[in-house]
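Scope of the values below: all heavy atoms of this structure, side chains included, with no hydrogens, waters or symmetry mates. In listed order, ligands and their atoms are each counted from 1. Quick caveat: nothing in here was measured; it's all calculated off a predicted structure.
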Amino acid sequence: MLVFSNAYELQAELPTSFSSLGLVPTMGALHQGHISLVERAIKENSHVIVSIYVNPTQFNRVEDLEQYPRNIDKDLETLAPYSNKIMVYIPTNEDLYPEGIKVKTYAFGTLTQYFEGAYRPGHFDGVATVIESLFTRINPTKAYFGEKDFQQVLVIKALVKLLSLNIKIISCPIIRAKDGLALSSRNALLSKEHLEKACVIYNILQKITENRGHWNVQQMRAYFFEKIEALSGFKIDYFAVADPKTLTPEEELIPSKNYRIFIAVYAGTIRLIDTIELRRK
Ligand code: AMP
């Protein structure tokens with residue numbers, strides 16, 4: 001497998017003309033969620049780059065950055081079945097941040113005002129900074145992101161507009177474990193007990209979506225709180241129902257409109273996020 005730590009060396013490996021280049025940015029500790037993006041990128045592009053980089057500027061808590069799972073050898077094993085179809089880019093800090101690890105600031109309006117934007121101050125500036133750097137270095141035709149981080153997908157689409165880049169952002173569905181828990185690198189940090197209990201989050205979200213038309217937002221929230229608070233060691237960061245385009249929270253739902261639920265929950269010290277479409281009935 002071709003593995004690079006330097007973008008210029010990687011660029012040099014690409015043919016002078018190719019039909020399309022897909023980029024799958026990741027922070028490693030790869031799981032089936034990441035692989036779904038890689039497989040889609042392989043299907044849709046002549047060349048694919050998978051990047052692995054734990055971006056320091058998007059972590060708002062030092063402990064979170066320090067404990068984030070890292071295992072490059074295992075990641076390369078996970079990617080081995082795709083080795084003749086992808087190139088792997090594992091940049092150094094100097095390669096992505098040649099002027100030192102500094103975060104840029106962006107104006108994304110309501111897209112970063114709530115949820116992860118509000119609860120993780122500076123997070124999306126960090127994400128946008130590293131993605132801008134990756135996009136500038138790689139110049140992909142298409143870039144693949146998961147709807148698990150739905151807010152991030154909209155922020156990246158806004159970034160592409162803001163910078164007038166000619167990159168198509170492909171948003172890919174959430175991959176879940178059999179019990180419904182959204183796959184996440186952070187799941188590896190959960191205790192056995194919390195891992196078993198965490199599937200409840202998806203069950204609750206499903207139950208709420210089934211009751212669209214019967215429950216108002218306050219009842220949805222009350223149900224979520226009741227069920228999560230019954231789990232020892234679990235704590236809610238937020239629960240919100242929002243417009244899926246502007247990401248503004250709504251308390252009164254218009255029956256003909258689709259919305260989206262956004263949640264963040266602590267299981268012990270590990271923070272989990274999830275999201276689900278709240279379709280009109
Ligand atoms: P991360 O390594 O967590 O930064 O994630 C890299 C990319 O994989 C992001 O676009 C995520 O949204 C996406 N991703 C992570 N988990 C999942 C999942 N369970 N299903 C689909 N995409 C995911």
Side-chain angles (χ1 to χ4, degrees), residues 22-44 48-61 64-65 67-72 74-76 78-79 82 86 88-91 96 111 115-117 120 123-135 138 140 142-160 167-190 195 198-199 201-202 205 247 260 262-265 270-277:
L23 172 66
V24 182
T26 82
M27 297 207 298
L30 301 178
H31 51 68
Q32 211 44 45
H34 298 112
I35 294 303
S36 70
L37 271 52
V38 172
E39 289 183 345
R40 174 126 181 228
I42 289 172
K43 252 189 221 143
E44 297 181 355
V48 171
I49 295 170
V50 179
S51 67
I52 301 176
Y53 179 70
V54 180
N55 172 35
T57 62
Q58 72 187 70
F59 286 81
N60 58 312
R61 290 191 305 138
D64 190 23
L65 174 61
Q67 72 180 3
Y68 197 84
R70 296 165 171 88
N71 194 338
I72 289 292
K74 193 154 171 267
D75 287 344
L76 293 178
T78 306
L79 293 172
Y82 309 95
I86 62 172
V88 182
Y89 176 40
I90 308 177
L96 281 189
L111 295 182
F115 324 128
E116 296 305 281
R120 300 182 66 188
H123 169 67
F124 285 119
D125 280 334
V127 169
T129 302
V130 79
I131 295 295
E132 178 179 347
S133 181
L134 277 168
F135 282 178
I138 309 254
K142 295 178 183 168
Y144 294 78
F145 293 87
E147 282 176 13
K148 154 118 192 319
D149 302 283
F150 191 89
Q151 191 171 14
Q152 173 171 276
V153 175
L154 295 203
V155 168
I156 302 298
K157 284 183 177 171
L159 177 73
V160 163
I167 300 172
K168 190 158 184 226
I169 303 305
I170 311 287
S171 148
C172 305
I174 301 177
I175 305 298
R176 298 179 180 277
K178 273 202 197 82
D179 64 10
L181 177 64
L183 295 185
S184 162
S185 303
R186 287 188 178 85
N187 293 356
L189 303 171
L190 292 171
L195 184 63
C199 65
I201 297 170
Y202 183 56
L205 293 178
L247 301 188
R260 188 167 266 278
F262 295 89
I263 66 101
V265 165
I270 308 308
R271 191 167 177 279
L272 304 173
I273 61 168
D274 206 338
T275 175
I276 194 167
E277 197 181 15

Quiz item: Hey, which of Q151, E147, R260 is the one that makes side-chain hydrogen bond (donor to acceptor under 3.5 Å, both in side chains) with T275?
Solution: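 Testing each of Q151, E147, R260 against T275, the sole residue satisfying side-chain hydrogen bond (donor to acceptor under 3.5 Å, both in side chains) is R260.
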Looking at every heavy atom in both [X] and [Y], which two are closest together, and how far apart are they?
X    : Y    : result
S51  : L134 : OG-CD1, 3.9 Å
P25  : F145 : CG-CZ, 3.7 Å
L37  : G146 : CD2-N, 4.0 Å
S184 : K148 : CB-NZ, 3.8 Å
I52  : G28  : CG2-CA, 3.6 Å
A264 : E116 : CB-OE2, 4.1 Å

Show me which atoms of ligand 1 lie under 4.0 Å from any heavy atom of [X].
X    : answer
F145 : 10 (O)
L183 : 16 (N), 17 (C), 18 (C), 19 (N)
H31  : 15 (C), 16 (N), 17 (C)
P173 : 20 (N), 21 (C)
T26  : 2 (O), 6 (C)
Y68  : 3 (O)
L37  : 7 (C), 8 (O), 10 (O), 13 (C), 22 (N)
I174 : 20 (N), 21 (C)

What residue and atom, counting heavy atoms only, is the protein's closest point to [atom], and at what distance?
atom                    : result
atom 20 (N) of ligand 1 : I175 N, 2.8 Å
atom 5 (O) of ligand 1  : H34 NE2, 3.4 Å
atom 22 (N) of ligand 1 : G146 CA, 3.5 Å
atom 4 (O) of ligand 1  : M27 CG, 3.5 Å

Quiz item: How many angstroms lie between atom CD1 of I42 and atom CZ of R40, to the nearest 0.5 angstrom?
Solution: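 If I round to the nearest 0.5 Å, the distance is 13.0 Å.
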Quiz prompt | Which segment of R176 sits under 4.0 Å of ligand 1 when only heavy atoms are counted | solution = neither
Quiz prompt | Mode of P25 contact toward ligand 1 - side chain, backbone, both, neither (heavy atoms, under 4.0 Å) | solution =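 Looking at P25 and ligand 1, just backbone atoms fall under 4.0 Å.
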Quiz item: Can you tell which of D274, D149, I170 gets a heavy atom nearest to atom 14 (N) of ligand 1?
Solution: D149
Quiz item: Are any non-hydrogen side-chain atoms of Q152 and V127 less than 4.5 angstrom apart?
Solution: yes
Exercise. Take atom NZ of K142 as the centre, draw a 6.0 Å sphere, and report whether it contains more than 12 heavy atoms from other residues, nucleotides or ligands.
Key: yes
